[in-house]
Amino acid sequence: YLVGEHVEGLMVILLYEIGKILEEKSVNKSRKSIKDLMNIKPEYANLKINDEIKKVSPEEVEIGNTIIVKQGEKIPLDGTIINGTAELNTSSLTGESKLLQVQKNNKVLSGSIVANGMLEIQVTEKYENSTVSRILDLVENATDKKAKTETFVSKASSIYTPIVIGIAIILAIFLPLITDIKYTGNNGSIYRALIFLVISCPCSIVISVPLSYFSGIGKSSKQGILIKGSDYIDTIKDIKEIVFDKTGTLTKGEFEVKQIESFVDYTEKEILKYAAMGEKYSNHPIAKSIIKANQENLEEVQEFQEIAGKGLSYQYNGKNVLIGNSQLVGIQEENEVTKIYVKIDEEIVGTIPLGDTIKEGTKEAIHQLKSLGIKTSMFTGDNKNIADKIAKEIGIENVKSEMLPQDKYTELEKMLGKMKKVAFVGDGINDSPVLARADVGISMGRVGSESAIEASDVVIMTDNISKIIEAIKISKKTCGIIKQNLVFSISVKIIVLILSGFGIGGMWQAVFADVGVTIITVFNTLRILK
């Protein structure tokens, strides 16, 4: 304005203000997915004290307390249903729109919304350790971990800005001394220095790069994938090998009754009933699976006795019954599958084979990972026969079994640092060391232990490994858009700088090179959220 270019001076101020408004709207749009996630935070809990219901803060509720959750309310704390049935909307936690049916004895996660019904829940975790609290903590702290690109931009700007201002001052002062260009007037040295300043403003880079990572984290959180920092978004796209734990990761970690074997004049139903009559007194996972499979009415037994590490014994209608492993009935087991033997009056009448169940979609996910050129392996503490059988069924060739936690860590160490990124996927406390050591540690949010979730870099809230493929796609798209923005921004600025150097480009072109390019890169960044 002071050098006589009144229209252009006002235009610069006006367009910068328009640019700032558009940038703010765009940034707010990218933040919306994070804000939506924050809405899962429960505001209160209905605490049941004797026959009274008291509305309290979730932080005041203790483990073992009973809470009531009515239709339309959020479940404030993790717990186990002791009364009632309901349909839960878990989309804020898992990204799944399908309602989840729950009933007595089912575990429920905080942040879920009761769509239909009413539940009485016994609290199993304090608020600070509940699912919703851990998710909010992960997302809120995700942006603390900066990616290399983002860190470089932040550091470079502190050096870049004074250098650019210095060059502009040099241009304004010394250009007339070495050329016939004047200080003021149309296309004078001060005017050219101002053009240089406007063009050199790094808004498009400084805004679009962090915004891209923020959008990537927001997009993944809506899909039920919590990425703990922008540096992991950079790394996920480069994964070349993924190592999976077996139980709880590839399989459900729940025993399921397979084809029952009968050796004498007992039907399969009778063998299962004899086993269930004894197992109804036990809380062991094997006992629960047998009781779940049984369809017959269970009668009371006499002389019930548990035999540590082997099984149980009881009497029924004058018969001595043994239910347990091969040691209990005195035979050598092949150790291929877990078997429960049923022995009545010194005669083995049948066996109940039990096997872990592969999670839905696991085979398809492994196939898709292979099609992306990613090698898959499995590390497990289970015996070799079972591990090989599961691996063959889902399509994993590289299997290492009968491993202790330190064995997994040592084996992973050998795989790292070979010009490739290695991810480990697990859920248990024993997986925590390898989750922390891997280039990318991925844990299961629903069944995963607290230590595994803490040690990992990515948390999958649905426990579905197909989400890893989704995370890779988001990572590739985010990093691709960052590259597009950087190349476009720098190229336009260089072109306009050259044009202004020859006196061809003016302030209009300079403003486009800054404000215009910034708006274009911000809108390009928003494609990540689609």
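Applying the side chain to side chain donor-acceptor pair (under 3.5 Å) rule to pairs touching residues 361-371 yields K370-E397, sequence neighbours excluded. Sorted pairs that involve residues 106-115 and meet salt bridge (charged side-chain N to carboxylate O under 4.0 Å, His left out), not counting sequence neighbours, are lacking altogether.
Distance CG/N89 to NZ/K74: 11.0 Å, rounded to 0.5 Å. Rounding to the nearest 0.5 Å places NZ of K273 at 8.0 Å from CG of N294. Interatomic distance, E125 CD to S110 OG, rounded to the nearest 0.5 Å: 9.0 Å. The distance from atom NZ of K408 to atom OG1 of T410, rounded to the nearest 0.5 Å, is 12.5 Å.
Listed here is the closest heavy atom pair of G395 and I366: O-CG2, 3.9 Å. Counting all heavy atoms, side chain and backbone alike, G426 lies closest to T249 at CA-OG1, 3.5 Å. Here the closest heavy-atom approach between residue N46 and residue K55 is recorded as OD1-CE, 4.1 Å.
Legend: residues meeting side chain to side chain contact (heavy atoms under 4.5 Å, CB included) with A387, ordered by chain and number and at least two apart, are M378, T380, V399, S401. In this structure, R527 has no salt bridge (charged side-chain N to carboxylate O under 4.0 Å, His left out) partners at least two apart in sequence or on a different chain. Partners of D388 according to the salt bridge (charged side-chain N to carboxylate O under 4.0 Å, His left out) rule, which considers only residues two or more places apart in sequence or in another chain, are K384. In this structure E268 satisfies the side chain to side chain contact (heavy atoms under 4.5 Å, CB included) test together with Q259, I260, sequence neighbours excluded. Not counting sequence neighbours, the partners of S220 by the side chain to side chain contact (heavy atoms under 4.5 Å, CB included) test are I225, I227, I474. By the ring-ring contact (aromatic ring centres under 6.0 Å, His included) test, Y409 is found to be paired with no residue, residues two or more places apart in sequence or in another chain being considered. Partners of E411 under the side chain to side chain contact (heavy atoms under 4.5 Å, CB included) rule, at least two apart in sequence or in another chain, are F379, K400, M403, K414. Every residue two or more places apart in sequence or in another chain that forms a salt bridge (charged side-chain N to carboxylate O under 4.0 Å, His left out) with E300 is listed here: K280. Scored by the salt bridge (charged side-chain N to carboxylate O under 4.0 Å, His left out) test, K48 finds E120 as partners (sequence neighbours excluded). The ring-ring contact (aromatic ring centres under 6.0 Å, His included) check on Y316 picks up Y274, with sequence neighbours excluded.
Residues T80 and Q122 bring no donor and acceptor atom of their side chains to less than 3.5 Å of each other. For the 3.5 Å distance criterion, the side chains of D78 and T124 fail to qualify, holding no donor opposite an acceptor.
Proximity of L250 to I396: side-chain heavy atoms (C-beta onward) are separated by under 4.5 Å at one or more points.
At most 12 heavy atoms of other shown residues, nucleotides or ligands fall within 6.0 angstrom of atom NZ in K54. Summarising the local packing, CG of D345 is surrounded by more than 12 heavy atoms from other residues, nucleotides or ligands at distances under 6.0 Å.
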If you apply the rule side-chain hydrogen bond (donor to acceptor under 3.5 Å, both in side chains), what do you find for D234 with Y213, and how did you get there?
CA-CA 9 Å; D234 259 354; Y213 286 118; 3.0 Å; yes
Would K292 and E256 count as a salt bridge (charged side-chain N to carboxylate O under 4.0 Å, His left out) if you check the C-alpha gap in whole Å, the side-chain angles of each, and the deciding distance to 0.1 Å?
CA-CA 9 Å; K292 185 179 178 181; E256 188 178 79; over 6 Å; no
